Amino acid sequence: MLQNIRVVLVNTSHPGNIGGAARALKNMGLSRLVLVQPLDFPAADATARASGADDVLSGAQVVATLEEALVGCSLAIGTSARDRSLPWPMLDPRECGGKAVERAGMGEEVALVFGREHAGLTNDELQRCHFHVHIPSNPDFSSLNLAAAVQVLAYEVRMAWLAAEGAPSKVEKAVDASELATLDEMERFYDHLEKTLVDIAFLDPDKPKHLMARLRRLYGRNSVERTEVSILRGILTETQKVARGESHKRKD
Ligand code: SAH
């Protein structure tokens, strides 16, 4: 589905930025780069900055006009480093990622269009795009390096794609919800923990302070699995035995 998203660079002057963009695309799982009249390409600087994304670079399509670059696209999103006089439907980078993935997922061809290092995109070029996207940078220093801007938007595309694929972007998501400890199991654990802390004289029942609340907050920050609760309770049981002088383990 990411194959349906192309990144278009218009009149890039520095080949290093083309290489940097190729690398950014490959890092984020994108592969289609279209260059509209680059000033200097192919070039050693581009290959050096691509550092390994040579396949994206050598597969880059070089065309003469933006019109050609947009052939087959039903959605084009143009980037803008600053406010333009003509108001246009605007997206923030997150919305841009969401829209690009949504439409690409429907089998549509999508283009993200980037401008020249010194002058950006012309109004005419921007008006060929359905939406504009602005990376909300410092208003007093708003223009990012071209390859850096490509990286930001490619990252948002990846995040939207991961969410759409239901792929685990966080470790917690890799845990099946049915394996997580239930609230009542956690209550039994906290009860066991409190008794054990009293047994080993870490907790004074007359002056409990906020110890249990803090421990609840600590465990509550994590998604604790049922098997993990069993391990913790096993540790508590053995700790209680040692505290009572009943431990038969480690006789050495
Ligand atoms: N002086 C130009 C800046 C161009 S920066 C101008 O004022 O327009 C080169 C390209 O990087 C831009 O055309 C755009 O594609 C991208 N870019 C840089 N900063 C950006 C930002 N804050 N939001 C969106 N795109 C940005």
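Since the structure is predicted, the reported quantities are computational estimates derived from the model, not experimental observations. Indexing begins at 1, ligand by ligand and atom by atom, following the structure's order.
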- Message: Test of understanding: given a 4.0 Å heavy-atom threshold, classify the contact between Ser143 and ligand 1 as side chain, backbone, both, or neither.
- Response: both
- Message: For the CG atom of Asn11 and the CZ atom of Arg116, what is their distance to the nearest 0.5 Å?
- Response: 4.0 Å
- The closest protein heavy-atom partner of atom 1 (N) of ligand 1 is His118 O, 3.0 Å
- Note on the structure: The protein heavy atom nearest to atom 9 (C) of ligand 1 is Arg116 O, 3.4 Å
- Message: Below 4.0 Å from ligand 1: does a non-hydrogen atom of Val152 turn up there or not?
- Response: no
- Can you find an N/O atom of Ile135 closer than 3.5 Å to an N/O atom of ligand 1? yes
- Of all the non-hydrogen atoms in the protein, which one sits nearest to atom 17 (N) of ligand 1, and at what distance? Ala149 CB, 3.6 Å
- Message: Under 3.5 Å between any N/O of Leu144 and any N/O of ligand 1: does that happen in this structure?
- Response: yes
- Query: According to the interplanar angle, ranging from 0 to 90°, do the rings of Trp88 and His132 count as parallel (below 30°), tilted (30 to 60°) or perpendicular (above 60°)?
  - Reply: parallel
- Message: Geometry only, no angles: is Ala81 polar-contacting ligand 1 at N/O separations under 3.5 Å?
- Response: no
- Message: I need the His130 NE2 to Cys73 SG distance, nearest 0.5 Å.
- Response: 9.0 Å
- Message: I'd like to know whether Arg82 forms a side-chain hydrogen bond (donor to acceptor under 3.5 Å, both in side chains) with Ser142, so could you lay out the CA-CA distance, the side-chain angles of the two residues, the decisive distance to 0.1 Å, and finally the verdict.
- Response: CA-CA 7 Å; Arg82 59 196 155 95; Ser142 65; over 6 Å; no
- At a 4.0 Å threshold, what atoms of ligand 1 neighbour a non-hydrogen atom of Phe114? 15 (O)
- Message: I'd like to know if Glu108 and Lys99 make a salt bridge, using a cut-off of under 4.0 Å between side-chain N and carboxylate O.
- Response: no
- Task: Would you check the N or O atoms of Ser142, main chain and side chain alike, for any that come under 3.5 Å of an N or O of ligand 1?
- Result: yes
- Item | Contact partition for Arg82 relative to ligand 1, non-hydrogen atoms under 4.0 Å | side chain
- Does Lys209 pair with Asp204 as a salt bridge, N-O distance under 4.0 Å? no
- Task: Decide yes or no for Asn27 and Leu25: does some side-chain heavy atom of the first lie under 4.5 Å from some side-chain heavy atom of the second?
- Result: no
- Where do Asp191 and Lys195 land on the salt bridge (charged side-chain N to carboxylate O under 4.0 Å, His left out) test, with the steps shown first? CA-CA 6 Å; Asp191 192 44; Lys195 287 196 175 95; 3.0 Å; yes
- Query: Just distances here: any N/O of Asn145 and N/O of ligand 1 closer than 3.5 Å?
  - Reply: no
- Query: So do the side chains of Val133 and Met90 get within less than 4.5 Å of each other, counting heavy atoms only?
  - Reply: no
- Query: For ligand 1, which atoms sit closer than 4.0 Å to a heavy atom of Ser137?
  - Reply: 22 (N)
- Item | Atoms of ligand 1 close to Val133 [distance to a heavy atom under 4.0 angstrom, numbered from 1] | 24 (C)
- Do Glu125 and Thr122 have side-chain atoms, one donor and one acceptor, less than 3.5 Å apart? yes
- Query: Just heavy atoms, cut-off under 4.0 Å: does Pro136 contact ligand 1 by side chain, backbone, both, or neither?
  - Reply: neither
- Message: Looking at Glu109 and Arg32, is any side-chain nitrogen of the basic one under 4.0 Å from a carboxylate oxygen of the acidic one?
- Response: yes
- Quick one: nearest non-hydrogen protein atom to atom 14 (C) of ligand 1, plus distance? Thr79 OG1, 3.2 Å
- Query: Tell me, which protein residue and heavy-atom name are nearest atom 24 (C) of ligand 1, and how many Å apart are they?
  - Reply: Ser80 O, 3.3 Å
- Around atom 12 (C) of ligand 1, find the nearest protein heavy atom and jot down its residue, atom name and distance. Gly115 N, 3.9 Å
